[in-house]
Structures are given as C-alpha cells and as structure tokens.
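Quick note: numbers below take in every heavy atom, side chains included, and nothing from hydrogens, waters or symmetry partners. Order of the sequence lines sets the chain letters (A, B, ...), proteins ahead of strands, with each chain counted from 1. Computed from a predicted model, the values in this text were never measured in an experiment.
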Amino acid sequence: MLFHAILFYVFAAVLVGAALGVIFARNPVHAVMFLVLAFFQSAMLWLLIEAEFLAIVLVLVYVGAVMVLFLFVVMMLDINIERGGQGYTRYWQLGLAIAGLMVFELIQIIMARGSAAGAGNDFSVLAEGYSNTKALGAVLYTEHVYAFEIAAVILLLAIISAITLTMRKRPGLKQQDISAQVAVKASDRIRIVKMASEGKETES
Amino acid sequence: MKALIPDFVLNAWLSVWGMLPPLMQYLVETTFWIMVVMITVILSVAFTTYFERKVIGAMQGRIGPNRVGPLGLGQPFADVIKLLVKEVIVPTKSNRFLFIIAPLLTLIPALATWAVIPLTDTFVIANIDAGLLYVLSLTSVGVYGVILAGWASNSKYALLGAMRSAAQIVAYEIAMGFALVGVLMAAGSLNLGVITEAQSGGFLNWFLLPLLPLFFVYLISGVAETNRAPFDVAEGESEIVAGFHVEYSGVAFALFFLGEYANIILISALTSIFFLGGYNSFFEGWTFLGEGHFLREPALLWLIIKICFFIFVFFWLRATFPRYRYDQIMRLGWKVFIPVTIVWIVVEGVMSWMKVGPWA
C-alpha cells in the first residue's frame, strides 16, 4: 500500500497547489484552469478510495460542463490584470471568519470519523466484484428515491425559471419558423396562370 | 517466433521477467499494450487523412493524392515531415503556456479513451465498470483544447471560433449523453465489454434497430462534437479563416490535426460498439454455417470494418452537405435532438417494462 500512499500525497500536494493557484493567479483564465486542475486532482483522490462513479461524474459535470461555461464567461471579460490583488486586504476579516468556520467544521468531521473505528484512514482494497456504481444506484433508487426525484424536480424548476426570465417578447421581432419553411409548397409561393397566346391579336 | 529469438535470450528474458515484482510486471505489460494501441491509432490517423482525400476526391470527380509513393500512400508521411520542419510561431501578446498546451488537450483525451474500448472479446486495456461514464467525461474534456487555443491566440478570429465551438459542444454533449442513457438501459451496464456482449447473437440483437433514433442522434452529435462538416462552424474557412487554430503552425498545428482525426476514429469506434455490436460478427445469426465457423466468431476485424464504414460516413457527409448556419445548429441540438432522445428513453422504458425487445 506504499504505492497508494505515494500517489495520495502527490495528488494531494498538486490539489493544494492548484487551489492556491486559483486564489493567487493574476489572470482569471489561469485561475479557472487551476480550478479545473483542482477538480481533476480531487477526482483522482476519489479514484484512490475506489469511488470511481463519483470521481468520473465530478470530471464529467464540473470539468466537462460547469467549468467550460465558467471559462466561456471569464474569457469574455476585459479585465485589467494589473489592478487585481488590491481586493485581498479589504475583506480580510470576513475571509478569516469564513476560513475559521470551515477549519472548525473539518476538524469536527475528522474527529467524528477518527472515533468511528478508524474508518476512512486506510487504503483498504474493497472486495473483488464490488461495484461502487451499482451500490450507489441501488441506494439512490430504493432508499432515497423520493429525495432524488425531488432534487430532480427542483433542478428542472430552476432550468425553466431561468429560461422564463430571459424570454421577452419584443414587438416586431422577425422569427424563423423552420417547419413552416420546410412544409412550403410551390403553389404557396407562385401562381401559374394559364392563358391563351395574345401574339396574333396585337399584331392585327 | 522460436526461430527468430535464440533459446538462451528467451530463457534469460523469462528469468528476468519472473524476478520482477507483480506490480512491476503489471506496469510493464500495461505500458506495452498502451504503446501498441496508441501507435496503431496514430498510424490509422495518418492513413485516415489519405483516405479522406481519396474519398472526397472520388466524390468530386478528382484523383486525390497520387504522387508520393505507390497510389500516393506516402502522402501522409510527406505531410507529417513537412509540418515537423516548419517553424512554430507563437503570436506576440499570446499566452505562451496555454497556447502550447492547447493542442495537447485535444489530443490526449482522444487517445486516453481507447483504454476502455474492448477491441476483441478478450482484450481491453482497462476493464472498468464505469467505462461509459469515463468515455463521456473524457470526450467532454476535449473541448478545453479548442477554447484555450482560441483564447490564448489573442486573435479575434480564433476567439470567435472558440466561442462557437464551446457552445456547440456543450449543446450536443447533452444529446449524446441521453443517447448513451438509452444504450445503458438496453445493456444494463456501464461496462463497454458488457454492452458489446449484450449485443451478441447476430444482427437483430444489435442495438441499431431498437434504438434507431438514438443511433442517429449519437452519430450526428458525434459529427458535431468533432467539429466536422457540416458542423464545422468552429473552423468556418469562409467566415473566420480557420477559427480556433488560425494562429497555429508546424508541429502545434499537426497536433490539432492529429487530435481531430483521432476523435473521428474514436467516435466511429464508439458508435460501432454502442449500436453495431463492436467486435461481434455480422454473420453470427447464420446458424446454417455450423457451430464455430470463423465467420460467426467475434474478432477485431469486424470492429475495424465497422469503424472504417463510419469514418467513410464522416467524409461522405463532408462532401455532401453545405455548412449549417450557427442558429440552426443550436436549434437542431436543443430543440430536435434532446426531445427525440427523451421521448425514446421513455419508449424504451415502456418497452423493457412490457418485456418487448432484445433486452427482455
């Protein structure tokens, strides 16, 4: 298990470094990329304790979708890079209070876990054939099915409300109706009129 | 094999091998297979570019490359050497580190995904249970290369290309994910090997027919995801020159090129595995051939034939369709594909509840 321990410390060191990078990077795009690295490293830590479902979903959702949109927004900002860094000292009391609270909470958790028969502080290999994904699914769709469904509905509600907020009907807005365009027939656009030739009559 | 290597060399090798600790043996073996698969994929990429130029040439009534080597087969290598000896120009005021790392970020996920792809019924580098999720998460990481290339170039055209690409990939990823939800419902597993196994037993057991709408959604989203024509607005030669890689030259450009074609091969392989039974034979259902006939056995060859067909489809689409307009791409992704996949997932749920279909 020495190999596991080495990997753990490497990943953890990179994770802490990346997290510091998020705060200290001057360039916001660099900060976002550091955050991506941090997510990746925490996914690696989860893989080490064989929580492969959570690890991969973390990469899929946060790295693959959320951070892409983040980057998208940050790229569009025209930020004066030299000006950054002034805000550090302004809110230090608030920052310190929040950091203190988080450290306190973490200590509580670590002490609770430490007393519970040494759970979570070794790299023990799970039994062969144990599927983390299957276990999670089984719990999620049986025991916690209502909470799961309610969470889904709340998320759907958030999506719909966000879309509704941006929906404004401007008068005089020209819109394309694709199905109407596809369904159009020649007879809707032109009218072919059959008429007798007039050539001779005009001549005489 | 025995004749090629003298006995004492073989014995010496075996005794050294036996002395290594199991972890070391595992590492050496895995690294060896990774190298084999990677080199094969990179060589395939080279010949895929040749294949593309020949196919499109034929469709447009031209000959295509025919100067370098017999039938022009040396053309990809000539291109590679040309790109390698060219100068890499880093634009002034660009972000140097991100500029250099961006092409790697498109290439690495495309190669890393091959780890979970079952090539034959016995061979896969990493047989992991969450294989399908791994595939999804890696293909979604690939977008960073395009976005960073566009931003780090410090060029308006490149930035526009990156913006288009990011919005497009995020939109089509959802449809792609939903199409794969259908596949995993049918197979009952996230493991790519199990998904392929679930489709054994002949053409009718493939997921192609029961999941036909999802198959089309996945394939078209795959084309959009790789930024290929008709969804190549990220490059859009006629509007934004070359989009996100307009500032790249030499080796850096070659890496983007490699990444794009590696992604095409990857999407073709994934489509074959998810919907066409992967390494399973076309003729498995032909019972009159008798038990154990070689045409009915699963083999790597079947997978390669399927992959080649889908690569051909990519080029066929490129030669046939004009480029989509940007708003129509968005409409197709959000308003057509996502509803289609959701409806079909419900249909599939009802089908499996009523015990109809191949998963019954």
Side-chain angles (χ1 to χ4, degrees), chain A residues 1-4 25-30 32-34 36-37 39-40 43 46-47 50-78 81 126 129-137 156 159 163 175-179 181-182, chain B residues 21 23-24 26-27 95 97-98 101-102 105 109 116 126 128-144 146-148 150-152 154 158-160 162-171 173-174 176-177 180 184 188-191 194 325 327-328 331-332 334-336:
Chain A
M1 290 300 100
L2 179 70
F3 189 54
H4 269 87
R26 284 279 169 103
N27 192 323
V29 173
H30 288 178
V32 171
M33 290 316 290
F34 272 123
V36 169
L37 184 62
F39 278 131
F40 230 99
W46 274 351
L47 272 185
E50 301 188 14
E52 81 273 358
F53 182 81
L54 290 176
I56 294 175
V57 165
L58 180 73
V59 173
L60 178 63
V61 174
Y62 282 91
V63 177
V66 174
M67 293 317 289
V68 170
L69 295 178
F70 234 86
L71 200 59
F72 202 78
V73 173
V74 164
M75 265 170 30
M76 294 299 105
L77 300 175
D78 189 23
I81 292 169
L126 293 170
Y130 174 81
S131 171
N132 184 275
T133 315
K134 214 173 265 174
L136 203 66
L156 186 68
I159 294 171
I163 293 172
Q175 269 185 333
Q176 204 179 11
D177 187 353
I178 306 269
S179 49
Q181 284 180 335
V182 171
Chain B
L23 184 70
M24 208 64 190
Y26 175 74
L27 275 181
N95 198 302
F97 177 71
L98 291 180
I101 208 174
L105 280 179
V116 294
I128 60 171
D129 269 340
L132 195 141
L133 279 172
Y134 174 81
V135 166
L136 266 179
S137 64
L138 274 186
T139 44
S140 64
V141 169
V143 65
Y144 280 99
V146 174
I147 299 182
L148 287 180
W151 183 79
N154 193 27
L159 189 62
L160 280 173
M163 302 275 308
R164 289 176 172 198
S165 169
Q168 179 181 326
I169 290 180
V170 168
E173 222 171 62
I174 299 169
M176 231 174 168
L180 293 186
L184 78 91
S189 173
L190 287 166
N191 189 319
V194 178
R325 213 175 60 202
D327 61 324
Q328 289 177 345
R331 179 184 162 270
L332 185 71
W334 291 105
K335 291 190 181 171
V336 179

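Around the OH atom of Tyr62(A), the shell of radius 6.0 Å holds no more than 12 heavy atoms that belong to other residues, nucleotides or ligands.
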message = Determine whether Leu148(B) and Leu71(A) satisfy the following criterion, side-chain contact (heavy atoms from CB on, under 4.5 Å), listing intermediate values before the conclusion.
response = CA-CA 9 Å; Leu148(B) 287 180; Leu71(A) 200 59; 4.2 Å; yes

message = I'd like to know whether Leu60(A) forms a side-chain contact (heavy atoms from CB on, under 4.5 Å) with Ser140(B), so could you lay out the CA-CA distance, the side-chain angles of the two residues, the decisive distance to 0.1 Å, and finally the verdict.
response = CA-CA 7 Å; Leu60(A) 178 63; Ser140(B) 64; 4.0 Å; yes

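Expressed to the nearest 0.5 Å, how far CG of Asn27(A) lies from CZ of Phe97(B) amounts to 12.5 Å. Leu98(B) CG to His30(A) NE2: the interatomic distance, rounded to the nearest 0.5 Å, is 4.5 Å.
Side chain of Tyr144(B) to backbone of Met33(A): no donor-acceptor contact under 3.5 angstrom is found.
In this structure, no portion of Val61(A) lies under 4.5 Å from any heavy atom of chain B. Residue Ile174(B) does not touch chain A at all, counting heavy-atom pairs closer than 4.5 Å. In this structure, the portion of Leu159(B) lying under 4.5 Å from any heavy atom of chain A is its side chain and not its backbone.
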